[in-house]
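Would you mind keeping the following structure in view while I ask a few things?
This one's a predicted model, so the numbers in the text were calculated from it and none came from an experiment. So you know, we letter chains A, B, ... as the sequences are listed, proteins then strands, and number each from 1.
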Amino acid sequence: MADPEHPPAPAISLRAVSKSFAGNPVLRGIDLTVPRGQVIGYVGPNGAGKSTTVKILVGMLSAFEGEATVAGCDVRSRPLEVKQRIGYVPEATAFYESLTVHEHLLLVGRMHGLADALTTARATRMLAAFDLEPRLHSSIGSLSKGMRQKLLFTGALLHDPEILFLDEPLSGLDVQSTVLVKELVRGLAGAGKTIFYCSHILDVVERVCDRIAVLQAGRIVADGTFAELVENSRSGGTLEQVFLELTADSGAVQRAQALLDALGEGAA
Amino acid sequence: MRKSRRPREGSRLVSFTLRLGALLAFVLRPFGVDRARFLALLEVRLLEDIGRGRSAAAEQRPGMFHGGMVMTLVMYLLFGVFLAMVMFHVGEPMAALTLVLGVVMMFVTMTLASEHIGTLFETTDLDVLGPLPVEGRTVLASRVAHTLLYFLLLVGSLGLLPLVAGTIRFGWPFAPTFVLALALATANCFGLALLLLVSALRFVAPARVRSVLLFLQIGGALMAFASLQILPMIGEVPTAWLVAHDSWWPWLLPPAHGAALVVSSVGSSPVLQDGLAVVGSTAPPHVGLVVLAFAVPCCLLGAIALMASSFQSRLAGMASSERGTVRPARRAWLRDRLLRSGEARAGYDFLAALTARERQFRMRTWPGVAVAWFLAGWSVFRSSSGTGRGPAPAMACTALYLVGVMMPQILLFTRFSDHWQARWLFRIAPLRSPSMFVHGALVALAARFVLPVILLTLVVVLIVGGLPIVPDALFAVLVVALLSVRGFLHGERHMPFTRKFKPSELNANVARSMLFLMLAGVLALLHTLARRHTAAFVGLSVAMAVLVALQVRALARSLHLPARVRLDWDDERDERSAKRA
């Protein structure tokens, strides 16, 4: 029974979070609350601060202003509890390439306190779903980009996290795997997981996310369901149109022309 | 447009080096090196070195000129005292210069083989360079030029005092030709090493290149040390014999080529004339040797240019070579008996797997161990030759002492990796105690690397020395244990394989290595003194055993202190770098 006087802590909470690198502000007072079980799309142009937000939330960046909590735990004072409860698929797929797939997953499993047998059993089933089981004892160096992305997913889900942070999760995946991941996200959402989904692929965000937050130059400029965003926009239609309107990037045609003109400069 | 090529504000060193690089690019242009791309690549590497090539958010490490590099330069400068003494005390100018240039070449080859090959053949930036229209020769040239910058500083430090000594002895004409001879000697070492490595890259199957490079490195390190044993003999050679037309071996000895060049320039020196007169020779230094001094580096450069056309693609082939399936290792039995916690076992497996496969670790560790064994073998050979008896016990134990000195260095090498960016795994992992992970890694290093190396050395020492050597060998084992444990206690605790290797990383630890070398020397001296009296030897052995036990206990306690391992070390440094910038 939920206690109405003490509602459960939100899955993710950011209060006035700011972060600068070398004096350049990347995040400027982000306020965001994500209730449990919600799939939130976090979109924005390059350099808007999406990955920085995720790195703060997963405990990889501890020097920032404001407050950030994940699963009710402050990411600065209780980072281990945060890391225990989350799964993270990073944007960059850096691995120890000499390790085999199995060795990598054992490493991840042990760091999450899983028994080796359980890790192996789960990993085998998950890799089979990703058609990666035959590569269990292959070195990671021999995997393609898409395979590495699948391995990142396997590692992120291995300990059955409450909250999943996905930073460009479809990067490098083929069509079948993309469909699989979309279904997976829906399934995880159905199972009550909270998903923080960063992506540039707006049609996927539009389809899988319950709510969308648009980030522009370190500030959240829009936050709501897809329908709400469309309703409040002048351009309407698709998320891409809303996004371009919110990020003040409606002059794409003119800028493309400027690029073409620049190519011609000096050629004559 | 020119503005974009200019180094950023404050990087005068980069700007100055790029001007030198522009000169080098001019020289290299006939060999197929693209000047603009060469300078662009060199600038990137230099900016990375001074810590400004990346954003504050990127992973960085200290610049090469911070702290440790200065210490290394000072040490090389001090070593130059011996070379200056050679310059004064070896009567024959040709012999003295051959000896000095030979030692310089030995240092260059050793440093190149043991530390810098990894930088020349790193594969981490291939993802960036791969899609760019830059030719393999240009990439290689930029890497070599970048590495040469270090060597110019090192050779400059090493050669400064001999330069002063030679100028005092032979007069002003000595200085420019000696500097030129030093540059040519360095070029010879670089040229030969690069030719071998680039040839291996070109002709060996990609999947096997890494192993071949490792063997070449070990071979280079051994050759350099072997030459150190031979060089002192040159001091006994008269100039007349060195420059005589019927002597064939100076033709094969590159230091003699450079020496002939210098001697040619100071030919009118009364000292040289006196020297030649003493040995009854009026022959001028061999012109052919002087020609060789220039011809050999040029030929090497041409051959490298020929071989290096496919450098980048071959390197990429090596990096992406299919390794196939790796058979699961059987290490669980020992691991489970040594360690209890899952984190420690994870650390054990992680390190055990990667010590056998990490290129950085293999390339930095095995040449050092091979040199230790070689030097020990040489010492044993020298001590037993001509006596008709076995080697002196102290000499036979040299192997153990030398291997012991290597152990703290091996611990240092476990922190470097080509795949250092994969450390996000540790930063995202809910490790309650990172020290337990490091504990497991240290146990793996001890169980799977340090102990087998020491035991193998001990067995060889016992076979060579026989039963009489057992007490000495056991004492030496205690010394090795002490050095290893002190090395573990002194070193910064890092998660293994989480740092990018840069020369500055090693330079920062040179002083510590020298301390361990001195400690080993003091203990060896005590060993030699005490073994004359049985009671003193037994007393010293017991004291050493107690000391080792105490140190092991201290190590065991410190392994469980979470504060000793810092995962955010690099992040904090990034923040500091950003603030400085």
Heavy-atom distance under 4.5 Å between the side chains of A:Phe95 and B:Gln421, does that happen here?
no
What part of B:Leu354 is in contact with chain A, defined as an atom under 4.5 angstrom from a non-hydrogen atom: side chain, backbone, both or neither?
side chain
Counting C-beta onward and ignoring hydrogens, is there a side-chain heavy-atom pair between A:Leu106 and B:Phe350 closer than 4.5 Å?
no
A:Glu81 and B:Pro430, any side-chain heavy atoms less than 4.5 Å apart:
no
Which heavy atom of A:Tyr96 sits nearest to which heavy atom of B:Ser417, and what is that distance?
CE2-OG, 4.0 Å
Once rounded to the nearest 0.5 Å, what's the spacing between atom CG of A:Leu107 and atom CD of B:Glu343?
11.0 Å
Indicate yes or no: does A:Arg110 engage B:Asp349 in a salt bridge with an N to O separation below 4.0 Å.
yes
Can you tell which part of A:His159 gets under 4.5 Å to a heavy atom of chain B, answering side chain, backbone, both or neither?
neither
Heavy atoms only, distances under 4.5 angstrom: which of A:Leu99, A:Asp116, A:Val58, A:Val101 has the most pairs with chain B? Name it, please.
A:Leu99
Can you tell which part of A:Leu152 gets under 4.5 Å to a heavy atom of chain B, answering side chain, backbone, both or neither?
side chain
Can you tell which part of B:Phe437 gets under 4.5 Å to a heavy atom of chain A, answering side chain, backbone, both or neither?
side chain
What's the spacing between A:Met111 CE and B:Met436 CE if we round to 0.5 Å?
14.5 Å
Could you walk me through whether A:Phe165 and B:Ile428 pass the side-chain contact (heavy atoms from CB on, under 4.5 Å) test, one step at a time?
CA-CA 11 Å; A:Phe165 290 91; B:Ile428 191 66; over 6 Å; no
Please classify the contact between A:Leu114 and chain B as side chain, backbone, both or neither, with a heavy-atom cut-off of under 4.5 Å.
neither
